[in-house]
Number of protein chains: 2
Amino acid sequence: MLDPRRLLTFRAVVRAGSMTAAAADLGYTPSAVSQQVAALERETATPLLVRHARGVLPTEAGALLVEHADVVAGRLARAAEEVADLTALRTGRLRLASFASAGARLLPGAIGEFRRRHPAVRLSLELAEPDECPDRLRDGDLDLAITFGYVPGPAPDTDGLTATFLFDDAVNVALPAGHPALGDTLTAADELDVSTLRDAAWIRDAGSLCREQLVDMCASAGYTPNIAFDSDDFPMVSGLVESGVGVALVPDLAVHQMGRRVVLRRLRPRVVRRIEALTLPNPTPATAAMLDVLRSRRAA
Amino acid sequence: MLDPRRLLTFRAVVRAGSMTAAAADLGYTPSAVSQQVAALERETATPLLVRHARGVLPTEAGALLVEHADVVAGRLARAAEEVADLTALRTGRLRLASFASAGARLLPGAIGEFRRRHPAVRLSLELAEPDECPDRLRDGDLDLAITFGYVPGPAPDTDGLTATFLFDDAVNVALPAGHPALGDTLTAADELDVSTLRDAAWIRDAGSLCREQLVDMCASAGYTPNIAFDSDDFPMVSGLVESGVGVALVPDLAVHQMGRRVVLRRLRPRVVRRIEALTLPNPTPATAAMLDVLRSRRAA
DNA sequence: GTCGGGCTTAAGCTGTGCTTCATGCTCGAC
DNA sequence: GTCGAGCATGAAGCACAGCTTAAGCCCGAC
């Protein structure tokens, strides 16, 4: 394989018509250019230039090399340009993942804002549960994942990743109207103590990592929950609650999926989902830009 | 523009999946490869690899660069290969020029032999007078020219070119039967002294640099020729001689174009055209091969 | 002839980029 | 848990590619 450096200076020589002119173009001395060309001719074991009094002309082999050199030079320039486009967000790709309720409530606005700022970046979004996101980020399958972890609760495994706090999503308990635990609390602002739900039947949303969370929460209050139903769909949870099957945990982000007749109460002690954006430590420009958008909307 | 060297080692890294493996492929140490990649990332101001525990994976920008690097590497390899083909005469081009009579008598055999030896080389042949060939060779318009110069006579201007002697083409004088200068010479083997043509009318072939030659020849014999006609076509010269318009100089190579009724005699003192092959001092492989063919046929 | 433009060569120096060595990290085995 | 293998990275040092300077040569112009 030919030395690309020499090939490119040879191209400059042929384009300039003389070694001296090429040297001026390249910022070298004529001697340097002459030596490069000589080295290339040694490398190919073929004369590439016919030396004239007024400059040089390529031989057939030389003309052949120049054609290839043109392609090489073009690719090198295009490569630099496209990478610059990528960092300037004039092009590129951003692969997002999010759990369902954030996908429905948080992301549409953020994505809209991102597209206004960087219309040329191609976006993709898929639903993915928080537990699978770290590995997929590390594998390069994803650029940014919206995940959550319960507070209090075990921190998710984000080794080698960067977690950006977005906001805390308060968790409510959803009850049918007239549920005994509601007692005399008549106003929606009232909180409900976890211990008052000791005898409740629980409907658990299986899709949102609430599994251990529900058990842990009740354990803190000194009992083991009676789990009557596992669902992975908030509308269904809503229907079950409305029909009096049981009570359920519903974070703020999912509240809009609950029916009107469901009663929602904050929990005491407070339970929240900590919503975070997970990225690689060296985010791509597009990823960093999306982090900016998410942070700015958190502030707003 | 990116440094092609670094780009190619980066390509090797991505293909190998790890810097260490790429280093082994390239014959470097892992450290060297790591530094090259770091330099490329500095150059592009963009992370190009995500570092894994078990190797590396390209980022979007990195994958983009690898695509371009593949093209670059391919072109470099193809360039080297095609130049090798050229020097091995598995491809290439040979642009020949020749004056008319050599084109008809000498070259067909040589070209046939050349094509047998190197069937892949594309040949072209055009008619060109000896005086225009040197410049066209120097300009790179031609690779090899068959030329001639009269002996005795001024050597053609071949500065900076290489002349390969092929053979001497003896010059005859063509006369109509019964021309007075024939006198009592009855056999074709007889020579005719130039001085005996003092009173002849001359038909001059304008195409073959005979212009000054005819005048010089006669001057050596002490007279100025009476030039009755200028032609650039041997058959026409033949017809003119046959009809008794005058006499003409006809080299051996053109004898076959003369009519049967023309009488031919060698000249005394002897006059020849020196047939030469003119090339650049550093001939291309195809040119050198054709010189070989021409020399071998001269020997035969 | 002299002059100037252009290519080449020799000699010498500089900087890129290599090696070696050491460190830190992750993962898997034990 | 500790250890070791494999990988990436950094500092230090060294070598060579490739640059510069300087001189020479060739050719064409004047």
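Only this structure's heavy atoms are used, side chains among them; waters, hydrogens and symmetry mates stay out. Every chain is numbered from 1, with letters handed out A, B, ... down the list of sequences.
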Under 4.0 Å between a side-chain nitrogen and a carboxylate oxygen: does that hold for [X] and [Y]?
| X | Y | value |
| --- | --- | --- |
| E41(A) | R51(A) | yes |
| R75(A) | D70(A) | no |
| E126(A) | R136(A) | yes |

*Will you find, in the side chains of T284(A) and T287(A), an N or O donor that is under 3.5 Å from an N or O acceptor?*
yes
*Using a heavy-atom cut-off of under 4.0 Å over every strand shown, decide if T20(A) touches base, sugar-phosphate, or nothing.*
sugar-phosphate
*How is G27(B) classified with respect to the nucleic acid when contacts are heavy atoms under 4.0 Å: base, sugar-phosphate, or nothing?*
sugar-phosphate
_Distance in angstrom units between M19(B) CE and dG6(D) P, rounded_ = 18 Å
_For atom CZ of R6(A) and atom C1' of dC19(D), their distance in whole Å_ = 13 Å
*Would you check if V50(A) and V56(A) make a side-chain contact, meaning some heavy-atom pair closer than 4.5 Å?*
no
*Where the side chain of R51(B) is defined as all heavy atoms beyond and including C-beta, which of dT21(D), dC18(C), dT9(D) is the nearest nucleotide?*
dT9(D)
*Does the cation-pi check pass for R298(B) over F167(B), that is, NZ or CZ under 6.0 Å from the six-membered ring centre and within 45° of its axis?*
no
*Where along residues 30-45 of chain B does a heavy atom come under 4.0 Å from DNA chain D, residue by residue in number order?*
P30(B), S31(B), S34(B), Q35(B)
